[in-house]
Amino acid sequence: MASAWCWNCLSRLRPTPRASLPPPARISSAPFHSTAVQYALPAKKKGTSLTPMRYRQGQTLRKKKKKTVDRARPPAVGERKALRKRIVLSNPNALEVEGMLDLSPETMVDARLRGTVLGLPITMIDQLRAVQAFKPKQGWSIFRRPGTIMRRDTLEMGRLFDEISDAEKGKVVKRIVTGLKGSGKTVHLLQAMAMGFLKKWAVITIPDARELVSGDTSYVPIEGSKPVQYIQPNATSALLIRTVEANRELLASLRISQKHSGLAGLKPTSTLEDLAKLGFQDPAVAWPVFQALWTELTATAPAPGLEKDFQARPPIVVTVDGLAHWMNESAYLSPDLTPVHSHDLVFVQHFINLLKDGQASLKNGGILLYATSTSNNPTVYSLEVGLDQITARQEGVSPTSPDYPSAEAYSNPDARVLELFKPSTKTSNKEGPLELLKLGGLTRDETRGYLEYFAKSGLVREAVNEKWVSEKWSLSGGGVIGELEKLGRHVRSTAQPLPEHLS
């Protein structure tokens with residue numbers, strides 16, 4: 001059939017410009033596939049709908065209503081601090097150790113009990129609480145009753161108490177206790193307090209030296225003092241309260257034997273307990289009261305007119321925990337806004353001077369134990385140099401020897417701290433030199449006795465043999481008692497076979 005369009009008409013049509021035509025599609029395909037990429041469906045986005053939004057379609061904001069939550073009552077003032085410092089000394093779920101001996105004047109010097117855990121007497125618990133001998137992070141709450149292990153250093157300290165009480169009356173022992181973290185420095189001070197109570201000594205303690213220089217207590221400058229020194233009335237009053245509560249029986253049995261001017265309310269028949277209680281009611285006179293009490297405890301003879309009912313004063317045990325905080329500037333400020341050195345606080349200065357001249361202050365003898373801390377301890381270069389010098393003297397190195405440690409050049413050491421650790425020029429047969437006691441780990445025999453105490457308390461259900469003890473001794477860094485306690489806390493039980501009627 002012939003077309004209605006002739007060739008001539010077709011030739012008259014104008015060709016379309018090449019630029020107006022769409023570009024040819026570039027077909028590319030993925031490997032191992034015959035479908036072009038451009039024909040693939042686009043990836044669907046999360047949370048979007050394929051349905052297009054209609055024109056002028058309204059949207060409303062939908063908010064979920066918050067549920068009303070009943071808030072708990074906020075803790076009362078001081079409740080969190082009390083919970084953080086709470087001390088639990090008994091666990092009724094722990095087994096009671098049968099045949100457990102108590103610490104006594106006889107057992108504290110018995111070398112046969114080395115490596116044995118002795119219980120603290122029940123009648124002494126309140127006294128140890130009063131002087132804040134227990135710490136919250138110690139493992140008292142996992143046993144039936146509080147006890148302490150008799151290690152070599154403990155027995156040696158017990159012999160010192162016996163010597164000062166009987167053979168060498170008036171002797172003064174001065175020691176600084178150092179060691180690794182968890183080596184038992186604070187517990188060593190607790191053992192000294194317990195032995196002091198057993199021997200009827202006067203026990204005076206500073207449970208945390210940081211609290212006296214952290215700026216948390218009030219302080220008052222002493223008029224006319226050069227350089228200016230400061231009194232801490234509230235801290236002194238707290239010390240008097242601890243001393244009376246812990247030594248009530250001793251202070252109530254001693255009467256005043258010296259004359260104290262400026263203290264109203266004292267009578268010739270007043271006891272030392274009555275004297276110390278004057279600082280409870282009025283902290284403003286707490287420091288003069290403490291000075292009068294210290295004079296009474298260190299008196300060797302009565303004043304004229306007060307010879308009646310005079311009794312010999314017992315030795316004194318002084319313990320300080322956290323000595324490094326006293327070897328630096330405190331958080332207090334002077335009137336010209338310069339930091340006050342810790343040695344300018346008369347409370348701190350009193351106990352610091354005991355290390356320099358203990359015999360003049362402790363005329364009836366006693367033991368001074370000042371411990372450093374590794375959990376909360378400032379880095380004081382002068383203190384490190386002083387401890388190195390004490391170690392060198394104990395090893396026989398002369399202070400004039402070139403091997404004797406000294407402060408490095410341009411290190412700017414604290415001269416007041418270095419002066420404290422210099423050897424004393426005063427020679428006395430009753431006062432020994434300042435010593436350094438480094439506490440380490442327990443021996444293997446002591447470790448075995450300590451872990452057997454865990455087994456008897458029901459905390460360890462494994463066979464305590466030589467292999468198992470050697471393993472725990474090595475894991476604890478050579479018998480570090482703090483690490484041994486962590487290992488003993490884990491209760492492990494071996495698989496027991498089922499009875500025949502259940503198998």
Side-chain angles (χ1 to χ4, degrees), residues 108-109 131 133 148 150-165 168-180 183-199 201-209 315-327 348 350-362 364-374 377 380 383-397 417-424 426-441 481:
M108 72 183 197
V109 294
V131 294
T148 180
M150 302 300 293
R151 56 197 298 181
R152 177 176 55 85
D153 303 301
T154 307
L155 294 171
E156 180 185 354
M157 183 171 58
R159 287 191 292 269
L160 288 176
F161 273 88
D162 263 5
E163 292 177 0
I164 298 175
S165 298
E168 301 182 10
K169 293 184 178 181
K171 181 180 179 180
V172 177
V173 177
K174 303 179 296 183
R175 285 183 176 179
I176 297 179
V177 184
T178 62
L180 300 174
S183 58
K185 299 181 292 296
T186 305
V187 176
H188 190 75
L189 300 185
L190 182 145
Q191 294 171 342
M193 301 175 206
M195 293 178 182
F197 289 132
L198 291 174
K199 288 291 186 178
W201 289 16
V203 179
I204 299 177
T205 66
I206 306 297
D208 189 0
I316 301 177
V317 180
V318 179
T319 63
V320 177
D321 199 358
L323 178 63
H325 293 280
W326 288 358
M327 301 299 160
V348 176
H350 172 80
F351 291 97
I352 287 295
N353 291 337
L354 296 179
L355 294 177
K356 298 174 61 177
D357 193 4
Q359 181 61 35
S361 300
L362 301 179
N364 298 308
I367 296 180
L368 305 175
L369 289 179
Y370 291 29
T372 60
S373 176
T374 51
N377 192 42
V380 183
L383 176 61
E384 296 177 357
V385 174
L387 296 181
D388 291 340
Q389 291 177 353
I390 298 176
T391 305
R393 291 198 297 268
Q394 290 182 182
E395 294 176 353
V397 180
V417 176
L418 294 179
E419 183 68 22
L420 176 64
F421 297 101
K422 288 184 178 180
S424 178
K426 300 180 181 180
T427 59
S428 174
N429 296 330
K430 294 185 177 181
E431 181 179 1
L434 181 59
E435 301 175 356
L436 185 66
L437 175 61
K438 294 184 179 180
L439 292 181
I481 193 169

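Please read all numbers here as calculations on a predicted model, not as lab measurements.
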*State, to 0.1 Å, how close Ile164 and Gly366 come at their nearest heavy-atom pair, and which atoms those are.*
CD1-O, 3.7 Å

_Separation of Ile390 CD1 from Glu395 CD (nearest 0.5 Å)_ = 12.5 Å

*asked:* Main chain of Val131, side chain of Thr205: is a donor-acceptor contact present, judged purely on distance under 3.5 Å?
replied: yes

_Looking at every non-hydrogen atom in both residues, tell me the closest pair between Phe351 and Tyr370 and how far apart they are._
O-OH, 2.7 Å

_The criterion is ring pair (Phe, Tyr, Trp, His ring centres under 6.0 Å); which residues satisfy it with Phe161, sequence neighbours excluded?_
Trp201

*With sequence neighbours excluded, residues passing side-chain contact (heavy atoms from CB on, under 4.5 Å) with Val385*: Tyr381, Gln389, Leu418

_For Lys185, give me all partners under salt bridge (Lys or Arg N to Asp or Glu O under 4.0 Å), at least two apart in sequence or on another chain._
none

_Qualifying residues under side-chain hydrogen bond (donor to acceptor under 3.5 Å, both in side chains), relative to Thr148, sequence neighbours excluded_ = Gln191

*For Arg393, which residues count as a salt bridge (Lys or Arg N to Asp or Glu O under 4.0 Å) partner, sequence neighbours excluded?*
none

_Heavy-atom pair of closest approach, residues Lys174 and Gly432_ = CE-O, 3.5 Å

*Grab the two heavy atoms, one from Gly322 and one from Ala209, that are nearest each other, plus how far apart they are.*
O-CB, 3.0 Å

*Under the salt bridge (Lys or Arg N to Asp or Glu O under 4.0 Å) test, residues paired with Asp162 that sit two or more places apart*: Lys199

*With sequence neighbours left out, what residues match Asn377 under side-chain hydrogen bond (donor to acceptor under 3.5 Å, both in side chains)?*
none

*May I have the step-by-step check of side-chain contact (heavy atoms from CB on, under 4.5 Å) for Thr372 and Thr374, ending in yes or no?*
CA-CA 7 Å; Thr372 60; Thr374 51; 5.6 Å; no

*For the atom pair CD1 (Ile176) and CG (Leu383), what is the distance rounded to the nearest 0.5 Å?*
7.0 Å

*Please confirm whether the backbone N or O of Leu436 pairs with a side-chain atom of Gln394, one donor and one acceptor, at under 3.5 Å?*
yes

*Under the side-chain contact (heavy atoms from CB on, under 4.5 Å) test, which residues partner Leu420, sequence neighbours left out?*
Met327, Ile352, Leu355, Lys356

*asked:* Would you compute the distance between atom CG of Leu160 and atom CE of Met195 and round it to the nearest 0.5 angstrom?
replied: 9.5 Å

*Asp153 CG to Arg175 CZ distance, which is reported to the nearest 0.5 Å*: 8.0 Å

*asked:* Once rounded to the nearest 0.5 Å, what's the spacing between atom CE of Met157 and atom CG of Leu189?
replied: 8.5 Å

_Side chain to side chain, Leu362 and Leu368, heavy atoms closer than 4.5 Å_ = yes

*asked:* So, applying side-chain contact (heavy atoms from CB on, under 4.5 Å) with Thr186, which one of Thr319, Asp321, Val177 is it?
replied: Asp321

_Partner set under side-chain hydrogen bond (donor to acceptor under 3.5 Å, both in side chains) for Glu163, not counting sequence neighbours_ = none

*Please identify each residue that fulfils side-chain hydrogen bond (donor to acceptor under 3.5 Å, both in side chains) with Lys422, with sequence neighbours left out.*
Glu419

_Among residues at least two apart in sequence or on other chains, which ones pass side-chain contact (heavy atoms from CB on, under 4.5 Å) with Asp208?_
Arg210, Glu211

*Measure the spacing between CE of Met108 and CG of Leu198 and express it to the nearest 0.5 Å.*
6.5 Å

*How close do Ser361 and Leu354 get, heavy atom to heavy atom, and via which atoms?*
CB-CD2, 3.2 Å

*Of all residues at least two apart in sequence or in a different chain, which pass the salt bridge (Lys or Arg N to Asp or Glu O under 4.0 Å) check with Glu384?*
none

